[in-house]
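Notes follow the structure.
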Amino acid sequence: MTKTAVLAMLDELIALTILDEENVQSFKVRAYEKARRGVENATDDLPALSDTQLTKIDGVGKSTAAKIREYLTIGSVEKIDQLRKKYPPEFVALSNIPGLGPKSIKTLRAKLSINNLADLQTAIDSQQLRELEGFGATSEEKIAKAIERLGISDKNRRFPIADALPLAQALVDRWIEVESVSDATFCGSLRRMNETVADIDITIGASNGPLVAEKVRSSPEITEMLAAGDTKISFLVASGLQVDVRIVSPEQFGAATLYFTGSKAHTIAIRQLALQQNMLLNEYGLFKKTDDGKENILVASQTEQAIYAALGCDYVAPELREASGELEAAAKQALPDFIALTDMKGDLHYHTDRSGDGRSSVEEMVAAAAAKGYSYLAITDHGEDLAINGSNREQMLEHRDKIAALQPSYPNMTLLFGCELNIGPDGGLDYDSDFRALFDYTVASVHSHFDQSVDKQTQRLYNAIADPSVHSIGHLTGRYIGKRPGIELDMQTVFDALVEHDVALEINGSLNRLDAASDVVRQATERGVKLVINTDSHHKSELGRMEYGVLTARRGWATKDLVVNSWPRDKFLTWIGYN
DNA sequence: GCCGTTTTCGGCCCGACTGTTTTCAGTCG
């Protein structure tokens, strides 16, 4: 909570400084942005840090450390208060309008006394903008249009990954089939598996760019065209989501995807690394500078792997590119042994139509898991406490027999009779302890009562974790990304409990959940908490979510040794006490 | 504002597009 507030303070400082310096990337702005990233990657307990420790945070120097201290002590920062007087919030908000930067809005204020959105609208209505030096009729119309769309496309609007990824995948799947296309991928924060994205970036490698561009420009999803060139095309779709498409030659595909994937901070870091080696990196390739500095000789461009290799680095997968230590580790060939999709040996949160919300039969669900080549599978339909979706004791025992009857047909996959237990408001679980002991494997999860205090929620989780029947905690916070916030917890206490009771923390692969979140996973990994990556499938078509769970785990630097369902069958069955 | 294998000053990633301009400024990624 404190860190979130400090980050918000730094965000405001950045926005105000951009205006004050009239430059979105002045050195001071970039310094603040770097400091913000440092704080983001630092400990949650900022007040516990001394002034010296604060300046140890990457990018935080004396001045920023003093501002953070000031904020933590008195809840405000003098510098920000001063800047607010010069630039009130409703004036700063004008910079959310696409196409308007700091220079423009300050010109508008100086020449037309525009201090807020209403002033701007009035000026546009009376066609005053087009008379200004540096503006024109076209600019005025563009700004008017941007304001009209503001509700659906301001610069800060973000979309849940569950909305963006399926569309991006569908577009890529379609365009990769177009004549002369050698490769295509979505990039940006979506490829890095961020939980929310501002837009969809797609890079296409093609020998016949204009032909592909024509195909892209005629896509049926387009509700509004923003830019329609032969190499760069931008459009909006009905949801308001913006799609940016770049078409490059097949030889440039690697350099282009590396650049368009970002993150911005990772891009800057890797370009600095190139500079140190007397090389130049841009979206067209990695180039060696000749001794006279006049010429650049291409070193690598076709694949991202070749570029990292030429820089002396291990390959850094997209989901790791957040400038949180990955490049330093890759340069030393010291990236940890992260979990990979091919390591996964089983799914341990898995529903059938025994659950009210399940939509495939147990036979279908087991067959789908077997097709994945899994060595073990826990079928975890809801316990009795979930009134509509749950099962009573009789139904559960009948279900157990059904699962047991299927086992002989699957000699290579151990079927576990499991349950998704509901964690009640105080941490109570379904059935009674004797009945719960009948399950081979359980995942306990929160499904309701989201509005209790941090202390109460933490105690609630502790009680569930401490129960001997519990093997894992499902979707830790119960959040739905972009729709419902999760419960608030004291994470360190939860991690301690998980370690103490040897219970695994789930990473749920549903795109609506991705819970535990990658930043939580990273802290949990550092604490040595065991992890489990699941699909929470309710239909036979949902097993592919394992990939998203694994990517989220990798974003959280989860190592293979901690992920219990990557373990060989014997080791895993021993861990759960199965015989 | 930050930082140091060029270490307390001098540099800080690199480029495209747009609209306004006659050579560039501003915005964006």
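Predicted model only: the values in this text are computed from it and were never measured. Labels below follow one simple rule: chain letters A, B, ... track the order of the sequence lines, proteins then strands, and each chain is numbered from 1.
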Which value, in whole Å, describes the distance between the P atoms of nucleotides B:dC12 and B:dT7? 16 Å

Got a donor-acceptor pair under 3.5 Å from the side chain of A:Gln272 to the base of B:dC14? no

Separation of B:dC12 C1' from A:Glu33 CD (nearest whole Å): 13 Å

Quick check: on DNA chain B, is the nucleotide nearest A:Thr55 upstream (toward 5') of the one nearest A:Val24, or the reverse? Name the residue that is more 5'. A:Thr55

Give one of base, sugar-phosphate or nothing for A:Ile270, where a contact means two heavy atoms less than 4.0 Å apart. nothing

Is there, by distance only and without an angle test, a donor paired with an acceptor across the side chain of A:Tyr259 and the base of B:dG29 below 3.5 Å? yes

A:Leu129 CG to B:dG19 C1', straight-line distance once rounded to whole Å: 14 Å

Euclidean distance, atom CD of residue A:Gln25 to atom P of B:dG26 [Å, nearest integer]: 13 Å

Parallel, tilted or perpendicular, as decided by the 30° and 60° cut-offs, for the rings of A:Trp557 and A:Phe338: perpendicular

In whole angstrom, give the distance that lies between atom NZ of A:Lys142 and atom P of B:dC28. 10 Å

If you look at every strand shown and take non-hydrogen atoms under 4.0 Å, does A:Ser104 touch a base, only sugar-phosphate, or nothing? sugar-phosphate

Rounded distance in Å - CD (A:Glu21) to C1' (B:dC12): 14 Å

Listed nucleotide nearest any side-chain atom of A:Glu283, set B:dG1, B:dG15, B:dC17: B:dG15

Ignoring the backbone of A:Glu133, work out which of B:dG15, B:dT21, B:dG1 is nearest its side chain. B:dT21

Could you go through the side-chain contact (heavy atoms from CB on, under 4.5 Å) check for A:Leu273 and A:Cys313 one step at a time? CA-CA 10 Å; A:Leu273 191 65; A:Cys313 291; 3.5 Å; yes

Let me know the distance between CZ of A:Arg37 and C1' of B:dC2, rounded to the nearest Å. 12 Å

Taking only the P atom of each, what is the distance from B:dT21 to B:dT27 in whole angstrom? 15 Å

How far, in whole Å, is B:dT5 from B:dG1 if one measures between their P atoms? 23 Å

Rounded at 0.5 Å granularity, tell me how far CG in A:Leu83 sits from CD1 in A:Ile18. 12.0 Å

Counting only side-chain nitrogens and oxygens, does A:Tyr284 get under 4.0 Å of the OP1 or OP2 atom of B:dA16? yes

In this structure, which one of A:Lys106, A:Lys28, A:Lys103 forms a salt bridge (charged side-chain N to carboxylate O under 4.0 Å, His left out) with A:Glu21? A:Lys28

Using 0.5 Å steps for rounding, measure from the CG atom of A:Leu167 to the CG atom of A:Leu241. 6.5 Å

Can a side chain N or O of A:Thr64 be found less than 4.0 Å away from OP1 or OP2 on B:dC2? yes

Between A:Val60 and A:Leu281, who's closer to the 5' end of DNA chain B by nearest nucleotide? A:Val60

Find the partner of B:dC24: check Watson-Crick (N1-N3 plus N6-O4 or O6-N4) and G-U wobble (N1-O2, O6-N3) distances, both under 3.5 Å, and reply none if neither fits. B:dG19

Expressed as a whole number of angstroms, how long is the span from A:Asp20:CG to B:dG1:C1'? 14 Å

State the CG-CD1 distance between A:Leu54 and A:Ile68, to the nearest 0.5 angstrom. 5.5 Å

note: A:Leu275, atom CG; B:dG15, atom C1'; distance rounded to Å ~ 14 Å

For a quick check of understanding: with a heavy-atom distance under 4.0 Å over all strands, which category does A:Thr231 fall into, base, sugar-phosphate or nothing? sugar-phosphate

Any stacking of A:Phe135 on B:dT20, going by centres under 5.5 angstrom and planes within less than 30 degrees? no

A:Pro98 has its side chain closest, among B:dC14, B:dC28, B:dG1, to B:dC28

Suppose you measure atom C1' in B:dG11 against the same atom in B:dT6; what distance do you get, rounded to whole Å? 11 Å

Taking atom types as modelled, find out whether A:Ser324 and A:Arg522 have a side-chain donor-acceptor pair closer than 3.5 angstrom. yes

Side chain of A:Lys67 - closest among B:dC14, B:dG1, B:dG26: B:dG1

Which one, B:dG1, B:dG15, B:dT27, comes nearest to the side chain of A:Lys103? B:dT27

Sticking with atom C1', work out how far B:dC14 lies from B:dC9, rounded to a whole angstrom. 25 Å

Could you work out the separation of B:dG26 and B:dT20 based on their C1' atoms and round it to a whole Å? 10 Å

If you look at every strand shown and take non-hydrogen atoms under 4.0 Å, does A:Lys34 touch a base, only sugar-phosphate, or nothing? nothing

Side-chain atoms of A:Thr138 come closest, of B:dT21, B:dT20, B:dG26, to B:dT20

Once you apply a heavy-atom cut-off of 4.0 Å, does A:Tyr32 come out as touching a base, just sugar-phosphate, or nothing? sugar-phosphate

